[in-house]
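The structure under discussion appears below in the form of structure tokens.
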Amino acid sequence: GAYANVSQKQVDSVCPFCGVGCQMTYHVSDDRIQHVEGKAGPANEGRLCVKGRFGFDYAHSPERLTRPLIRRAGVPKLAADVRQRLTPEQIREQFREATWDEALDAAAAGFSQAMASTSARGRLGPVAGFGSAKGTNEEAYLFQKLIRTAFGTHNVDHCTRLCHASSVAALMEGLGSAVVTNPLRDVEHADFVLIIGANPAQNHPVGATWIKNAVKRGTRLVMADPRRTELARHAWKHLGFKAGTDVALLNALLHTIVFEGLADTAYIDKHTLDYAQLKAHVADFSPEAMAPVCGIDAATLREVARAYATAGNSMILWGMGISQHTHGTDNARCLIALSLITGHIGRPGTGLHPLRGQNNVQGASDAGLIPMVLPDYQRVSEPAVREKAEQLWGVPPGTLGSEPGLTVVEIIDAAFDGQIRAMLIQGENPAMSDPDANHAREALARLDHLVVQDIFLTETAGLADVILPATAWPEKTGSVTNTDRCVQLGRKAVPAPGDARADAWITEQLARRLGLAWTYDIAADGTASAGAGRGIGAVFEEMRSLMPSIAGLSWSRLQREGAVTYPVADENDPGHSVVFTDGFPTATGRARLVAAALTPPDELPDSDYPMVLITGRQLEHWHTGSMTRRSTVLDAVEPGPVLSLHPDTAARLDLQAGDLAQVRSRRGEVRLAVRLDSGMPANTAFIPFAYAEAAANLLTNPALDPVGKIAELKYCAVRVDRAGVL
Ligand code: SF4
């Protein structure tokens, strides 16, 4: 018929946006994705949200990088260029096209030069890398292996540091493992669900549909968040507590459970340590004492605590509202204690689920894109761990140091101070995503050598010396791990544009030029295997030989089954969606209860900056916007940056919907349109961080949680003023 000459195919893959990990089918003709359909994967059963369904044509954007670029001689790197928003054409003009050989040689030469400039190694060495939670597991694994073995440093991190680093620190300390205990869909088996500091309707939308379904069937939902977000409509109670007072609220719940005799003493005796200390600590945190601190009345606090403790199965889900605080680790410690002292863990419909944001932040963390640990969270401080990796990687004994590397914000500070001289950044955009973006941009501009692999000329790439054009998600095959610990397979559906090449291929080419004897034969076009079977599958097989959690998951099994949930010990092990059914992976087999002190946010409002700023995401746009703002439908639905204010707050500031507002903090300022939102708390502003023209992170506070090293992106002091009419 009429379409006979059009090449059509359907390719099954996984959504490239959030950690829910929905399976989908790309419908392709003439090498372009025409539309996307939901597929029956374990996390979504065919459901997709607006991002998954419509956010695909970024891959075909005319703005894609298609040739390697090298900064023109004599063109300085100026943070001000990014700050003042030179047009993409003006930024592009600062670079010239190069061949792959030329660009890779220049990339490697810059790193060699940086290494030659100092004898310092380890965290004081001159090189650092940011890998990506948007790539495949194999790409993440190769990236950390490159940084660690080529530069002798553990200065390798990624956006987990801006995400759940504090949750991970608390979970490792308490449970000996940072994985989710139960999958998101377990809300179907829960009688009670507490969601705190998360907005699943916007950030994990298909997950939110399972929550709504559960509520319809009788599950009691409590939404605890300073903002009243969409799921609150479905909740039994919304606890709109004062931003930054999480520990007061949660310790009051713990107090009620402990002192009203609702704790599960049999479980505590058998499976936990330090209950007596926790009990003594929370004695001072009665609901009556905490009500004025957190803004929730004592009777409600007691009612919620009783309901959580006495329900048959209770589950806790949380997000960045818990983790992105200077007291993020303390917040997570309280949630862990809640589940442990009630025994709501280790069964279907119970447990702890820190909702992972990026599609592969779980996998990238598992694969070792973390400065303290090698793959599978094996500590770099353990000699046996380092020895095993050195043997597997064929590098001389002693190549891997015992000292953890620097974390994201520490690396940026070290670049600012001149300690870090060169960086490799794969698919991350710290010029937009890091706190105090002016400082981050200045730090990146000061580097002697910055190499960026990406699919677009991002704000970060604009400060690079060498830009290497990479493949988008639908252009490559590899594994990806969702928030449920489910490893799935992304499959190549379309070719990359122009001369763009697969990230894993780029990493191998760099490794060879930096003197590493890598013997993979990774395909440049993003297909799984090349040459004598030494492609992506070989990388996965190498990974699993180092990672007990996926020991039983072979590359061929993954291709056959398409989705397997770890831990998976051997080929016959079906995988386990619920863990810690009988004890914990700690030295004693017991979990540790850790008391949390009440500390205020780092920067409180004052007369100069009298309001609180909360940053976050929105349904249609993803993180720094590099993909979704280039997706036609999503960009049409949400075309520009907005400042959400409660109508009363807006009225006090003489602002109406659509007016232009100026928002200032001690670190920067942005201008954007006002949107009225009656779910906002008083005296509080919310700005999504996806918009370069009003980058929320110009305002945010880089103060760190002392344990998780995560910045306080969820709280800083700002001033909002009228700036005219748009
Ligand atoms: Fe993609 Fe997440 Fe939406 Fe699913 S819920 S379609 S994984 S963005």
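Values below: all heavy atoms of this structure, side chains included; hydrogens, waters and symmetry mates excluded. Just follow the structure's listing: the first ligand is 1, and inside any ligand the first atom is 1.
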Donor-acceptor pair, side chain of Asn182 and main chain of Arg347, under 3.5 angstrom: yes
Among Arg675, Lys51, Arg617, salt bridge (charged side-chain N to carboxylate O under 4.0 Å, His left out) partner for Glu638: Arg675
Proximity of His344 and Tyr308 rings by center, below 6.0 Å: yes
Shortest non-hydrogen separation from Lys134 to Asn359 and the atoms involved: NZ-OD1, 3.2 Å
Under 3.5 Å: donor-acceptor pair, side chain of Lys39, backbone of Tyr26: no
Expected output: side-chain Asn137 to main-chain Ala367 donor-acceptor under 3.5 Å: no
Under 2.8 Å from atom 2 (Fe) of ligand 1 - protein N/O/S, by chain and number: Cys18 SG
